[in-house]
Peer 1: 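Have a look at this one.
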Amino acid sequence: MHDLPALLRRLGIDPDGVNPGLYVGSFSSASPKPPLASFAPRDGAPIASVSRATREDYERAVRSGEAAFREWRSVPAPVRGELVRQLGDELRRVKDDLGALVSLECGKILTEGRGEVQEMIDIADFACGLSRQLYGLSMHSERPQHRMFEQWHPLGTVGCITAFNFPVAVWAWNAFIAAVCGDVTLWKPSEKTPLCAVAVNRIVDRVLERNGRRGIMNCVIGDVPDVGEPMLDDPRIALVSATGSTRMGRIVGPRVAARFGRSLLELGGNNAIIVMDDADLSLALSAVLFGAVGTAGQRCTTTRRLFLHPAIAKRFTESLVAAYAKVRIGDPLDDATLCGPLIDADAVAGFRRALDEIRRQGGEVLCGGRVLDRPGFYVEPTIVRAPLGFAPSREEVFAPILYVFETATLDDAIRAQNDVPQGLSSAVFTDSVRRAETFLSPAGSDCGIANVNIGTSGAEIGGAFGGEKETGGGRESGSDAWKQYMRRQTCTVNWGTALPLAQGVSFRVE
Ligand code: NAD
């Protein structure tokens, strides 16, 4: 990055001072705590810092949202969509800069950083169109001169907790859909990627200001006890949409449920690809490589397990090991790099611990397995051959570790694939229609995402995204995921002169 300060300034970030950690339409927070420093995973160097929003800031942000909601809920949905369209336009203008900041702060390679901003733009377009399609059904009433239908109303404030590995797109998935639904959002970004949140809020602030709509998208950047946990117990937060680890979801889900709030959980994955003997192996190889090594194994949809038919297992594994040898590990901002760093020293320690355990339990490391001795948080993409049911493969380690297994039949492979606590993404590679449909049938993959001849990661925004079991059950983004951001109301209108009761019940005084 030749001129980092200039990039930061173009995105509204002060490289030298302390950037605000509170976005409720005015930037001031009197946090007594030391500012939150952001570090670049590529070399561990500090980038800039952000003041930590306090518990009082949280309160201000919630109240600001509540006040804005009272008006926003009655603005016609297509007008709300127009505001989201403008946000999409602003994002188009800053795509390269914001994409570079995403790479710098979370460590994904530049093409993926820009891709993440493109995902924001795509969801803005989708949400804008959706604003004219928040359809309810109409039903035929059993009673004469009665009309029955359902309609969808805004919920109120949506709390949006996001993970470090998609520091901008996941917010957009939530905030843009919520906005056209008439909700306001309160964003608590990951403390590991605060600058991405600052840059996004600078853009949001400009657009909201221009439209006289401050307060509909707020943000608090700070510590979990001050700005994260309060959302869980706060009845003013109608929906908590939380993306992150299953460990976090285990806390968030029950706490929100205890107050009868709604939660939308997007948690950890343990995704698998099955490669059959009739598959196009070059297609499968590219998919496994991107799925397992892309984003340095730090996607919820990262390919972590590979089930190979015995007839192609040896050949495929050799080709994969050869491909791994060609993967350039290094600075995510360098165009030649395919595998950037992990997010921080804790993630490297997690990789080390996992490898120790794999070796202790007899897993065979076919390639990789080392932490690189250089500034930043680099590890080698790793392939491990293991027997079916290998205990370490049941856990999600957020690093590029791929387990390879042999499974004799498709049924065996599906059974083994499903035999983990998580249920996010899955794929089969086969040229057989029968095998593909078996994989997609009710007796097939138990995951929220099931693909044929494409890998586990890199979902489009048009579908509903999410997974089953310990992945949390939530669905975000496309299809009818918007319904989670609204409340359904069933209405019956009697336009006659009598009052017939349903089910023929008679109830009158003589
Ligand atoms: P994390 O669980 O450590 O943190 C996620 C967010 O939750 C952060 O903003 C964090 O501050 C917040 N948080 C943690 N504890 C909280 C609490 N008690 N109350 C309120 N907020 C709390 O996850 P991470 O390391 O940032 O991200 C990696 C994980 O996220 C992986 O498990 C990955 O699979 C998952 N993920 C899932 C999806 C999905 O859509 N399913 C997408 C991206 C990441």
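Worth knowing before you read on, the calculation uses all heavy atoms, side chains too, and leaves out hydrogens, waters and symmetry mates. Here, residue 1 is the first one in the sequence, and each next residue gets the next number. Start at 1 and go down the list; that is how both ligands and their atoms are numbered.
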Peer 1: Considering the options K33, R52, K188, which one meets the side-chain hydrogen bond (donor to acceptor under 3.5 Å, both in side chains) requirement together with D226?
Peer 2: K33
Peer 1: Starting from the C-alpha separation in whole Å, work towards a yes-or-no answer on salt bridge (charged side-chain N to carboxylate O under 4.0 Å, His left out) for K192 and E105.
Peer 2: CA-CA 8 Å; K192 294 176 186 174; E105 197 178 33; over 6 Å; no
Peer 1: I need the nearest protein heavy-atom contact for atom 28 (C) of ligand 1: residue, atom name and distance, please.
Peer 2: F398 CE2, 3.6 Å
Peer 1: Considering heavy atoms of the protein only, find what lies nearest to atom 27 (O) of ligand 1 and give residue, atom and distance to 0.1 Å.
Peer 2: A163 CB, 3.3 Å
Peer 1: Specify side chain, backbone, both or neither for T243, according to which of its non-hydrogen atoms lie closer than 4.0 Å to ligand 1.
Peer 2: both
Peer 1: Please identify each residue that fulfils side-chain hydrogen bond (donor to acceptor under 3.5 Å, both in side chains) with E476, with sequence neighbours left out.
Peer 2: N174, S241
Peer 1: Give me the nearest non-hydrogen protein atom to atom 23 (O) of ligand 1 as residue plus atom name, then the distance to 0.1 Å.
Peer 2: S245 N, 3.5 Å
Peer 1: For Y58, is the NZ or CZ atom of R60 found under 6.0 angstrom from the centre of its six-membered ring and inside 45 degrees of the ring axis?
Peer 2: no
Peer 1: Should the pair E357-R353 be classified as a salt bridge under the 4.0 Å nitrogen-to-oxygen rule?
Peer 2: no
Peer 1: Would you mind writing out the side-chain donor-acceptor pairs for residues 157-172 within the sub-3.5 Å range, not counting sequence neighbours?
Peer 2:
residue, atom, partner, partner atom, Å
T162, OG1, W187, NE1, 2.8
N165, ND2, Q298, O, 2.9

Peer 1: Backbone, side chain, both or neither: what part of T162 comes under 4.0 angstrom of ligand 1, heavy atoms only?
Peer 2: backbone
Peer 1: Does ligand 1 come near enough to W173 that some N or O of the ligand is less than 3.5 Å from an N or O of the residue?
Peer 2: no
Peer 1: To the nearest 0.1 Å, how far is atom 40 (O) of ligand 1 from its closest protein heavy atom, and which atom is that?
Peer 2: F465 CE2, 3.1 Å
Peer 1: Any idea which of K192, E266, M248 brings a heavy atom closest to atom 14 (C) of ligand 1?
Peer 2: M248
Peer 1: Which protein heavy atom lies closest to atom 24 (P) of ligand 1, and at what distance to 0.1 Å?
Peer 2: F164 CD2, 3.7 Å
